[in-house]
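Structure, as structure tokens:
Here is how names work: the chains are called A, B, and so on, in the same order as the sequence lines, proteins then strands, and each is numbered from 1. Side-chain atoms are counted along with the backbone in the values below, which use heavy atoms only and exclude waters and symmetry mates.
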Amino acid sequence: MELICPAGTPAAFKVAVDAGADAVYCGFRDETNARNFPGLNFSRDELRAAITFAHERGAKVLVAINTFPRAGAVDVWHRAVDDAVALGADALILADVGLMDYVARHHPDQRLHVSVQAAAANADAIRFYVEAFGARRVVLPRVLTVPEIAVITSEIACETEAFVFGGLCVMAEGRCSLSSYATGRSPNMQGVCSPPSHVTYGEAQGKVVSRLGAFTINAFADGEPAAYPTLCKGRFATSHGAGYIFEEPASLDAATLLPSLRKAGVTAVKIEGRQRSRAYIESVVRSFRQTIAALDAGVVAEAASLTALTEGQTTTVGAYRKTWR
Amino acid sequence: MARLDGKTAEEAAPSGASAGRDGGMRLTLGPVLFNWDAGAWRDFYFRMADEAPVDTVVVGEIVCSKRLPFFLDHMPSVIDRLTAAGKTVLLGSLVLVSLPRERRQMADLVEAEHLVEVNDLSCMPALAGRRHAIGPFVNVYNEATAAFLAGRGAERICLPPELPLASVRAIATALPDTVFEVFAFGKVPLAISARCYHARVHGLSKDNCRFICEQDPDGLPVSTLDGDGFLTVNGVQTLSHTCANLLGDAPALADAGVRSLRLSPQHCDMVEVARTFRDVLDGRSEAEAGSEALATLYPAVPFANGFLHGIPGASRVAGARAGGA
């Protein structure tokens, strides 16, 4: 089982490779990738150097060009594809059908991965991407249980990659406009969700109040850690009471499910977090490397706790266990 | 890999899709998104068939596969009544398809004699080369993706509600033979999940949900902790609290090449909503008067059109003129 790790900066990239990543994924410093945050991502020259660094150490580089090209400006995304291919990317991670069509026609030998943003949640959808564009791998949306993944891998003619650690979308990825509803900026179009530029904190009735755009997302009593106001992880109210209507500020930790994911036929496991620090990347990658090595050696190791590194200090295995639904 | 049909998108575009091009703006009634009583659901469509000035009607349960059996018995009579009234009927496919039951339901759907409106690309292998429509839940963000889908038989495309007018214009202009539609009235679908929030709010599991969503025929209002209306929960779907109202944007949309406006059923007098739109589109009343009429028909919910203007979707730009955004 391959270990796929994130890198938002050249420094984090090197750390990820050295800590044992089989492949590192990253993106260009623009709206073509779904982690378009200030100060993150790679220039063309930085990507060239990173690919050389990885290839010298036997690691692969997957380039995420996984936003949906803006109408009338599709050439920006075409240039990103052309450049990533020319720089020697081992695979492109794409979400947009039109862009996959471009790659299939102009770079037929380029390995193509279907991004989680493409929301290919069943064998029929995956079959479409394989038949239409020659997709070699699909990153599974975080809506499936492990048994459902096992059924899918048995039915499809491409590899699968599953997220095991980091941020957790509770909505089907690539199909969510919550962020742009509140801020005008979305993962699909601008590559950002609940962007920091639209976050404000204030105080009301002795509580720390976090807001996104014009909307209050949460309020924290004295001493309660104030989680980042990701829209779907806020506290809201209905006629049945107030609370975390969608999900708590929890993040995904499926380390304990690595054996079952492997048994389900998953080719690669993926860590989320291109926006994370070098120290975070190093700890998480090293921990997963050790767990996978133990699995390969036939040892059922207890996954080391990485709880301290996770958002809001709580974790979930998300949709992988049916009870989450 | 080459295109499956060996054609360019331009060659493969359907030629018979130009109906309505010169006939002014058309109206489409979208599928009922909420869990209405099955009898009320049938009666709603009977009345729409008999009285509403809409050209096309999308029928089918697209949100939750568990609800589908309730409506199946009434589907034939509803389709007959609509067809007899001269409406074009489209069968909407499920937005999120992951269970075996859901894949079977979709396989049955594409075998039906009516045109399918595809809301998830998992329908694509079965529909290859056959005429179909693309619903607002498929990510069509640019002209390249629209051209690819048109090349595979898509004659009508309802664009994602998140798209700004500039994108709508670029896409519609690039494909003059495809009928483009935008979401013009109703609470805007913003996200879909594997998790049922109606069940979660009521402390139930998704599998034993007791169809609690039927208590909220217009969705469950979700407010911020300050009491501001924010979102609407509809089972596994999350919608806006605001109601889309693009009446004032209709001239700009027509100018951008949009040929149909989608009215999404809310728990209000949709016949009068359709008449109000028709009257404004035909010049019998002004957009402002039309919006006042809509506010009476669907009170207590603010209108919004922010997505179209590239600002937060919850916002409203009043008095929009052609050429905006």
Salt-bridge criterion met for A:R211 and B:D226 (N-O under 4.0 Å) | yes

Would you give the length of the straight line joining atom CZ of A:F215 to atom CG of B:L231, rounded to the nearest 0.5 angstrom?
-> 7.5 Å

Any chance CZ of A:R136 has more than 12 other-residue heavy atoms, nucleotides or ligands included, within less than 6.0 Å?
-> no

Check each atom of A:I149 against the heavy atoms of chain B and say whether the ones under 4.5 Å are side chain, backbone, both or neither.
-> neither

Considering only heavy atoms and a distance below 4.5 Å, find which of B:V95, B:V222, B:N139, B:T224 pairs most often with chain A.
-> B:N139

Got a second to check how far B:L163's CG is from A:R70's CZ, nearest 0.5 Å?
-> 12.0 Å

Flag for B:E162-A:S186: side-chain donor and acceptor within less than 3.5 Å = yes

Of A:T145, A:N188, A:L99, A:I152, the largest count of non-hydrogen pairs under 4.5 angstrom with chain B goes to A:N188

Side chain, backbone, both or neither: which part of B:S223 has an atom under 4.5 Å from a heavy atom of chain A?
-> both

For A:D222, does the CG atom have more than 12 heavy-atom neighbours from other residues, nucleotides or ligands under 6.0 Å away?
-> no

Could you tell me the separation between the CZ atom of A:R175 and the CG atom of B:N119, rounded to the nearest 0.5 Å?
-> 7.5 Å

Highest number of heavy-atom pairs under 4.5 Å with chain B: which of A:G72, A:G98, A:A237?
-> A:A237

Give the ring-plane orientation class for B:F148 versus A:F133, where under 30° counts as parallel, over 60° as perpendicular and anything between as tilted.
-> tilted

Output the option from A:N218, A:I126, A:T238 having the highest count of non-hydrogen pairs under 4.5 Å with chain B.
-> A:T238

Picking from B:A174, B:S240, B:P100, which has the most non-hydrogen pairs under 4.5 angstrom with chain A?
-> B:S240

Under 3.5 Å side-chain donor-acceptor pair for A:D96 and B:Y141 | no

Contact origin within A:E247 toward chain B - heavy atom pairs under 4.5 Å = both

